[in-house]
There are 2 protein chains.
Amino acid sequence: SSKAYIKKEVVRWLVFGLIGILTGLIACVIDNMVILSTKLKFSYIKTVVDSCVDANLSCFHWPFLIWVGINAVLVLCGAFMTAVIEPIAAGSGIPQIKCFLNGVKVPHVVRIKTLVCKVLGVICAVAGGLVVGKEGPMIHSGAVVAAGISQGKSDTFHVDFKILQYFRSDKEKRDFVSGGAAAGVSAAFGAPVGGVLFSLEEGASFWNQALTWRIFFASMLSTFSLNIVQSYVKGTPWSLSSPGLFNFGKFDTTDYSGLEIPLFILMGVFGGLLGAAFNHINYKLTIFRKKYITSRGTQVLEAILVAVATATVSYLTLYFNNDCQPMRKDPDEDSVQFFCDDGQYSATAGLLFHTPEESIKELFHDIPGTFRPATLAVYCLCSFFLACWTYGLYVPSGLFIPSILIGASWGRLLAVLLKSAFPSATWVNYSKYALLGGAAQLGGIVRMTISLTVIITEATGNITLGLPVMIVLMVSKWIGDIFNEGIYDMHIHIQGVPLLGWEPSSMLTNISATEVMSHPVTVLRSYESVGRIVNILKNETHNGFPVVEDYDPFTEESPDSGTFGTFHGTILRSQLVTLLKLKVFEEHEDAQQIKKILSIKDFRDAYPRFTPIHRINISAQERNFHIDLKPYFNPGAYSVSHCASFPRIFRLFRALGLRHVVVVNRQQQVIGMVTRKDLARYRITQHLGKVNMEELPITN
Amino acid sequence: SSKAYIKKEVVRWLVFGLIGILTGLIACVIDNMVILSTKLKFSYIKTVVDSCVDANLSCFHWPFLIWVGINAVLVLCGAFMTAVIEPIAAGSGIPQIKCFLNGVKVPHVVRIKTLVCKVLGVICAVAGGLVVGKEGPMIHSGAVVAAGISQGKSDTFHVDFKILQYFRSDKEKRDFVSGGAAAGVSAAFGAPVGGVLFSLEEGASFWNQALTWRIFFASMLSTFSLNIVQSYVKGTPWSLSSPGLFNFGKFDTTDYSGLEIPLFILMGVFGGLLGAAFNHINYKLTIFRKKYITSRGTQVLEAILVAVATATVSYLTLYFNNDCQPMRKDPDEDSVQFFCDDGQYSATAGLLFHTPEESIKELFHDIPGTFRPATLAVYCLCSFFLACWTYGLYVPSGLFIPSILIGASWGRLLAVLLKSAFPSATWVNYSKYALLGGAAQLGGIVRMTISLTVIITEATGNITLGLPVMIVLMVSKWIGDIFNEGIYDMHIHIQGVPLLGWEPSSMLTNISATEVMSHPVTVLRSYESVGRIVNILKNETHNGFPVVEDYDPFTEESPDSGTFGTFHGTILRSQLVTLLKLKVFEEHEDAQQIKKILSIKDFRDAYPRFTPIHRINISAQERNFHIDLKPYFNPGAYSVSHCASFPRIFRLFRALGLRHVVVVNRQQQVIGMVTRKDLARYRITQHLGKVNMEELPITN
């Protein structure tokens, strides 16, 4: 047992390592495919425009149509992947991962099919010119990788490697998935510590040192393997600390003075207000979509429409607000002339034709004078509305990069204005203000806290800016929270997922178990007839049932008395299904036949996709047999007293990751069940300084 | 209620902010006092040596004696503070804070007296030349500040400001203390994120987003206020990002190649081995101290002895291994000639005369050629043994800086050797290897994980070295854990504190509640006689008691049957004491007199120092009265079934921060109690690849 214990620990570390490496490699693939396809598209259109300008033709139409065409086709592919093949692959994936880690069952979320759709879809969406990032999808990909390889089998491919069987449980899987999500963040932003904090902030309930350390290991290997591959791609093998690997570009030593802090606070306020507006518009849009855009066809069509609109807006901006700058001595390979005169290049084209990520780097780092204020203002407005329209489409789409894009443009605009107000000030640094604008906007939209601070600090590779970043994030969250909640939580609530928050509100102290619990309860006797079990499983959707004594289901009286026998333990739906499937029946109660006893292995083999009850064949004769549940039910299951308060039950669920708990009276008789849904139903919202308690609609 | 809720939230933020600011200021005081006293001492001795060398006298004795004398007096003061006035102020304070946050009652640990002794003591100890750091004490100071101001009253000064009464509970206080500890780390290392992670790693059980964010706020304000004050002290007001504020000095862009990683791993192995040796020697020493050095006199004497020994060793090293280097063009103000010829300065003196922290900066940043290999080797050995001897003395003493010192010297030695082996290699960077050596050594001794990585990264202000730091820390922890546990845990276990680890071992799955629980149980009836309550409180040390029905304490039979009435709830010792003190008695059971009902305020006023039971006067007549416990006991208290498994109970305790839980049988009758001590008794150790289960002696 001692050896087995150590072996299991070592294997666990190896699996976490593998998750990290694979996640890093997938991020690599996404990264390079996006870069490649964007480059191809860009150079093709550049050729068309150049030849057209050279020939002095009026060439408004052709390049535009070609551009729109390419984008529409790419987005069509992306939308097809999600709307038709695997709907759960849509969006950033962060809300889904958050629910999964919270303990909610989210169907299909960690399947291989989802991974494939997500990866291909996000490449198409980014290359198709949508205002989306690839970071959220990378995080989701990491989670799928983790769930996949930690189980040692694939139900999609009907392969069971017969390894890692001891990791086949919800709890273990959840641990691996948090590692995968962290590895995804780590690869997406080059932020291993940020990844760990992300996993904790979005998913953790009980902090565990050993688990955190393993998550960190996965994160580290993820950014490490990504860096190694990228350093080869860039032709400087093994040079891991090369600045080119920071996602936001290299920030040189950037000073700030304590006297700038009020300015940072104001930026936070502005970011919070703009973020709240973004979320509000997106909320209305999502409600609209839920009502009217329900068929696959309209979903794909909307995505194409957005692609066309994005391309059109970009093109119009480019044409009418053509920010021509004198060609620099050392032009980038991407500096394009477009509609500008000879010897000039178009700054707007640079912003619009690139991937959102490259645009961020330009906003952060291009030398002063690259952009006119008007360009920045128009760009900020366009990105705001396009990003808002895009999020929630049926394409894989990250929200981090668009948010930073919006914020970086108004941040840089602020710096330009400040510079013209104080021409001699040395503290007006464009990079700094663009970065803080981006942080404020992102904070105002997603409302993450410490993990976001660390992610941004790590992505910039500059620790001096940690404090200002922290300040703008803190302020933007405070301001945003006055009006509405973060966009991920908003989408989770729109879908009616029973997600449990961090803490029960102190306002719910007076609510007791009897008011929260579901009632009446379907209970099983410890020696139960097969027919009754089958009926219960067919009629009920619960995942766990109390096992009781002294209960007669056929008496009409007991439901009225409000009690359902003496509580002995609980049994899971999955256990019952397995018992039925393997036909562990007893023909006569008094027969001393040799019983078939199932081991833990039998239950593990079936994990995680248990056969649906209607697919199990039970003959009429078998329905009269019995199952002895005694060896299988959990006699030590947690139960709560009928006078336990709401916060007490809430903490039990949240800290221990429970899905249901039985409520008993003084005589240990079952009187009700509390499930996750019963708890998630009550929600406290703070809105414009008032605290409200609402009962939410929770769907199945 | 809505307004009260918001007010409470706002006040909570303000209190966290205040904790941060005060902690930062205290750190400032410690910092500047240490610098000042060291400077004074150094310049005085320099004068003596210089005058002696100028006069061409043989001057071995005088400066030595003066030096030893000053150090001995300073250390005497420090030892007096701790050994005589407040023993809990000794050591780094991290083990005590860890226990406090884990939910163990540690007497005196967060009192104002402790703070005063800690601050004065650590200044004396560092200035007295001991190989100690001021970081651990800063963390402890932060914790005391937090506990103090969050309660709105001081029992030491008999002041009650009648504010913040809603924070007077163990849980709230613990939250504030974790914020204070984080603020301490943040101030000590300039590492706000590291501080948050430290609090989580050492203390957290349930991760809570809002709490973490508030802790971060305190951390941020702590480093912020420290920086503001320090920037004034250094004459560059408001320049917050000035490099001089990084504790480990400014690391310039330091590259590393992926091919150096095997070397980093080897450094981790070496650090782990050396760390394990350090812990082993210190363990033996602590056991010896526990047996023989028990009186206050010997404790103070030992501290003075160590001070004299440290001074002697330093002086001998200085005399016999006088590493004279040619005086640089741009000499530091601290470059001293000492026993060197004119035009030279003594490199050894630089190392020995400075505070440990300054020595670290020299090891990290002084230009190549500053130290001879022999100097480094001797210095490393001396620091190792002196630091090992020092830790556990009755002086406030941090362990971070000495550990880094040891590691930085062997790390730099390695770099010197590598340079002589590969003279043309560009990758041999002294700073990098000294830093990684320091990290490896520190990791090998304290065995912290992610928080240490972040602290070191933040303290160096250079994010590129994050990955190598992570690697050496991971390896050194793995290697060290093969031999023994981290030094903080070791000291906690030596003291027999019932600290609960992160996870129950899977090996304990088969142990059930009935095997763990204490038995028989002292129970109270819901209508109980005053005399019996008084007797129970006098004879029992438990903090909570089950309240039952159907139990007759005077029947001799019930203890044999093994049950103690039907469980209705639990009541705390502190509640009983308050009820007795305020004499909430009923003279006759059937009298319809108007009962005095206590409010939550009555209980809060007494928090946290409840009157001891022997100080409450109960007359013989009153002993026959009764107390009605019904309005006060907690009817929703958690209980576990007799067949609940050990891991299940453990998780309940750990995740919810419980101190005791009642074990009931199927009929809801009390059959036992499980306390923290019962759980902490079982411990799984991994030693040289073998897993053992041991039962520990747990003291009260």
Side-chain angles (χ1 to χ4, degrees), chain A residues 1-2 5-6 192-193 196 200-201 204-210 212-213 216-217 220 224 228 238-241 255-259 449-450 453-454 458 461-464 466-467 470 474 502-503 506-507 512 566 568 635-636 640-641 643-645 648 651-652 655-656 666-668 689-691, chain B residues 1-2 5-6 192-193 196 200-201 204-210 212-213 216-217 220 224 228 238-241 255-259 449-450 453-454 458 461-464 466-467 470 474 502-503 506-507 513 566 568 635-636 640-641 643-645 648 651-652 655-656 666-668 689-691:
Chain A
S1 172
S2 157
Y5 173 78
I6 290 175
V193 177
V196 174
L200 291 171
E201 188 167 335
S205 42
F206 177 69
W207 163 283
N208 178 322
Q209 189 195 31
T212 313
W213 195 218
F216 196 25
F217 182 64
M220 183 184 96
F224 185 70
I228 292 219
W238 293 106
S239 157
L240 297 182
S241 42
D255 261 3
Y256 68 98
S257 145
L259 300 173
T449 56
I450 185 170
T453 315
V454 176
E458 285 189 297
N462 187 328
I463 226 160
T464 13
L467 195 74
M470 217 182 284
M474 198 170 267
W502 296 101
E503 270 203 326
S506 54
M507 292 180 64
S512 76
T566 311
H568 273 211
V640 294
S641 139
C643 34
S645 66
R648 202 162 267 267
R651 286 213 187 86
L652 196 67
L656 300 170
R666 290 241 187 284
Q667 287 75 44
Q668 193 78 351
K690 275 190 187 168
V691 179
Chain B
S1 173
S2 158
Y5 172 80
I6 290 175
V193 178
V196 174
L200 291 172
E201 188 168 335
S205 42
F206 177 69
W207 163 282
N208 179 320
Q209 189 195 30
T212 312
W213 196 219
F216 196 26
F217 182 64
M220 181 184 98
F224 185 71
I228 294 223
W238 294 106
S239 156
L240 297 181
S241 41
D255 260 5
Y256 69 98
S257 145
L259 300 172
T449 57
I450 185 169
T453 314
V454 176
E458 285 189 297
N462 186 328
I463 226 161
T464 15
L467 195 73
M470 216 183 286
M474 197 170 269
W502 296 102
E503 269 205 326
S506 54
M507 292 181 63
T566 310
H568 273 212
V640 295
S641 140
C643 34
S645 65
R648 201 162 268 266
R651 287 213 187 85
L652 197 67
L656 300 171
R666 290 240 186 283
Q667 287 75 44
Q668 193 79 349
K690 273 188 189 168
V691 179

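Proteins come first, then strands; the chains are lettered A, B, ... in the order of their sequence lines, and each starts at number 1. What you are looking at is a predicted structure, and each value in this text was computed from that prediction instead of being measured.
Of the options V454(B), T453(B), I450(B), a side-chain contact (heavy atoms from CB on, under 4.5 Å) to V196(A) is made by I450(B) and by none of the others.
No part of V640(B) comes within reach of chain A, as not one of its non-hydrogen atoms sits under 4.5 angstrom from that chain. Heavy atoms of P192(B) lying under 4.5 Å from chain A belong exclusively to its side chain. If you measure heavy-atom distances from T449(B) to chain A, the contacts under 4.5 Å come from both the backbone and the side chain. Contacts of S512(A) with chain B are absent, with no heavy-atom separation under 4.5 Å from either backbone or side chain.
Atoms OG and CD, on S641(B) and Q668(A) in that order, are 7.5 Å from each other to the nearest 0.5 Å. Rounded to the nearest 0.5 angstrom, F217(B) CZ and M474(A) CE are separated by 5.5 Å. In this structure, R666(B) CZ and T566(A) OG1 are separated by 9.5 Å, a value rounded to the nearest 0.5 Å. To the nearest 0.5 Å, atom CG of residue L200(A) and atom CG of residue L200(B) are 7.5 Å apart.
With chain B as partner, the option from R648(A), M220(A), Q667(A) having the largest number of non-hydrogen pairs under 4.5 angstrom is R648(A). In terms of non-hydrogen atom pairs under 4.5 Å with chain B, the most contact-rich of S645(A), C643(A), G466(A) is C643(A).
The nearest pair of heavy atoms linking M470(A) to W213(B) is O-CH2, 4.4 Å.
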